[in-house]
Protein chains: 2
Amino acid sequence: MRDFTKKLRVLLIDDNANHLRGIKELISLETSYNVVGATRNANLGLGLIKKYHPDIVLMDINMPEKDGLQAIQAINKLGISTNILILSGYDDSDLIYRSMKLGARGYVLKTMASSKLIDAIETVADGKVYLPSVLTTRFFEYFQNAAKEESNAFVGENLLTTLTGRENEVLDLLTQGINYKSIAEKLIISETTVKTHVNNIFQKLQVNDRTNAVLYALTHGFKPSVTSQSVQAAA
Amino acid sequence: MRDFTKKLRVLLIDDNANHLRGIKELISLETSYNVVGATRNANLGLGLIKKYHPDIVLMDINMPEKDGLQAIQAINKLGISTNILILSGYDDSDLIYRSMKLGARGYVLKTMASSKLIDAIETVADGKVYLPSVLTTRFFEYFQNAAKEESNAFVGENLLTTLTGRENEVLDLLTQGINYKSIAEKLIISETTVKTHVNNIFQKLQVNDRTNAVLYALTHGFKPSVTSQSVQAAA
DNA sequence: AATTATCTAAATCTAAAGATTTAGAAATTT
DNA sequence: AAATTTCTAAATCTTTAGATTTAGATAATT
């Protein structure tokens, strides 16, 4: 959670000197903000971020070539908990999408009212995400599709529930592509016992070989019941 | 896209008679809306939806028991292009999450200003999604996690790119858990040829058996290059 | 024209996987 | 106490799977 007793430290990156000045003035009007730096160059910006660890980086995406997107990646690779808010002149849904995918936390159009910009800064500083509604829709629909696929994995009875604890352990190792011998070593039981378990698994999952057992497991939400895992770690 | 020459047909469902009346009046003030029905019962609402095919269903989620969530599912099962906007007294992030997962397109708190409600209706009617910022963040982060996992599948060189066309076809069938004999039949080549291909695949993917080949394929974004698929469909 | 990549195929072999039956020990449930 | 489930194990057998070598026919490239 954000500390409201301290001023928000903001860094500006915009290759257009006029914009840079304008935004700086606009933000300086807010008493709760502190502009720790302003630069026209993405690389210089990176250095300043390393130096000052700002809470928010306000960055223009329409900088020389595709520097903007690369800068987002570079900033996130620093491992600093800085939230990136993108400023853009264009309402390009695909550009926003890519920016967000690379790790930006908000997107504001330059044509928007300045109150919206403050709104966005507050939202992003608060750890939340600020997006145009078109993009909210896009991300949501991505989620909904994934949720649908996920639920498809659970239609009908899930045969995985019929497996015993030991069978789950064996299936876990099968899904890692391990052969009988190694499974026996890992579980410290004989190879014939493993075969017995595997055959029981096949019958329960109604398959005839390990490949289909693994495929069944992966498409039906198999999650190993992390039993003896810690013990095996040493092996 | 929405047809702006026609009035938006809105249906209301809220078990509280006072709320129902209030919302109805509020919406009736808007000249571009047309309330085609208002009911206090979710089941009755379902009937009205079937009858009138409204553009928007404004529904209270806090109805008797968990009827609200079930109603969302029921409405979507009708296969009618109705957009559901949820009204709720509680700012319960998890309830919103589940509502949206089940197919709602927007969520508005009853404590919000009426202008926000109109905003939400417009947004949802426009085919977009309307969400509180907390939820926007949640959905976005879901997306970002997925995107990260996806990109993890492509770190380093992807050995899948070294496969020839035929090898891709064979691998495709391997990932379906099919054995040598059936693969040979499907591709109308001899079993020994299939073995040759499979061995070449193993070497290229640096694995020793089909299970690991399949696992490699699945974790590295393998998408069969849909070549002779149509031909095999008959087999 | 020569080289290389790809697809095809056979033969041979070894190793691994899978099927099936039987059975004892321990833990759980009825 | 009796019955059932689970985990263990062996023996035996059949069937795939996988490794390796060799090689002819096209197709694509240089």
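Naming convention: chains lettered A, B, ... in sequence-line order (proteins, then strands); numbering from 1 in each chain.
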Nucleotide dA9(C), atom P - distance to CD of Glu191(B) in whole Å: 12 Å
query: What's the CG-C1' distance between Asn200(B) and dA9(C), to the nearest Å?
result: 13 Å
field: Rounded distance (nearest 0.5 Å) linking atom NZ of Lys77(B) with atom CG of Leu46(B)
entry: 11.0 Å
query: Within this structure, what is the CD-to-P distance between Gln203(A) and dG18(C), rounded to whole angstrom?
result: 13 Å
query: What nucleic acid atoms does Thr164(A) come within less than 4.0 Å of, heavy atoms only: base, sugar-phosphate, or nothing?
result: sugar-phosphate
query: From the list dA9(C), dT20(D), dT8(D), which nucleotide is the closest neighbour of the side chain of Arg166(A)?
result: dT8(D)
- request: When you get a sec, tell me which of dA10(D), dA9(C), dA17(C) is the closest nucleotide to the side chain of Thr192(A)?
  value: dA10(D)
- line: Separation of dT16(D) atom P from Lys181(B) atom NZ, nearest Å, is 7 Å
- prompt: Can you tell me how far P of dT8(D) sits from CD1 of Ile183(A), to the nearest Å?
  reply: 13 Å
message: If you apply the rule ring pair (Phe, Tyr, Trp, His ring centres under 6.0 Å), what do you find for Phe139(B) with Phe139(A), and how did you get there?
response: CA-CA 6 Å; Phe139(B) 287 122; Phe139(A) 287 122; over 10 Å; no
field: Closest to the Asp209(B) side chain, choosing from dA19(C), dA9(D), dG18(D)
entry: dG18(D)
- request: Pick out which of Leu48(B), Asp15(B), Leu11(B), Ile49(B) makes a side-chain contact (heavy atoms from CB on, under 4.5 Å) with Thr39(B).
  value: Leu48(B)
message: So if I take every side-chain heavy atom of Ile189(B) and compare against dA17(D), dA17(C), dA9(C), which nucleotide ends up nearest?
response: dA9(C)
- prompt: Do any side-chain nitrogens or oxygens of His197(B) fall under 4.0 Å of OP1 or OP2 in dT8(C)?
  reply: yes
message: Just to be sure I understand the rule, does Asn179(B) reach a base, reach only the sugar-phosphate, or reach nothing, if contact means heavy atoms closer than 4.0 Å?
response: sugar-phosphate
- prompt: Can you tell which of dA10(C), dG18(D), dG18(C) lies closest to the side chain of Tyr180(B)?
  reply: dG18(D)
- prompt: Can you name the closest pair of heavy atoms from Leu95(B) and Leu69(B) and give their distance?
  reply: CD1-CD1, 4.3 Å
task: Round to the nearest Å and state the distance from Asn199(B) atom CG to dA17(D) atom P.
output: 12 Å
Pair Asp14(A) + Lys110(A): basic N to acidic O under 4.0 Å: yes
- line: Which of dT8(C), dG18(D), dA10(D) is nearest the side chain of Ser190(A)? It is dA10(D)
message: Without decimals, in angstroms, what is the distance between Glu169(B) CD and dT6(C) P?
response: 14 Å
- prompt: With a 4.0 Å cut-off on heavy atoms, is Lys195(A) in touch with a base, just the backbone sugar-phosphate, or nothing at all?
  reply: base
- prompt: Relative to the 5' end of DNA chain C, which residue comes earlier, Lys204(B) or Arg210(A), by the nucleotide with the nearest heavy atom?
  reply: Lys204(B)
message: With a 4.0 Å cutoff (strictly under), does any side-chain N or O of Thr193(B) reach OP1 or OP2 of dA9(C)?
response: yes
- prompt: Over how many whole Å does the gap from Asn208(B) atom CG to dT14(C) atom P extend?
  reply: 19 Å
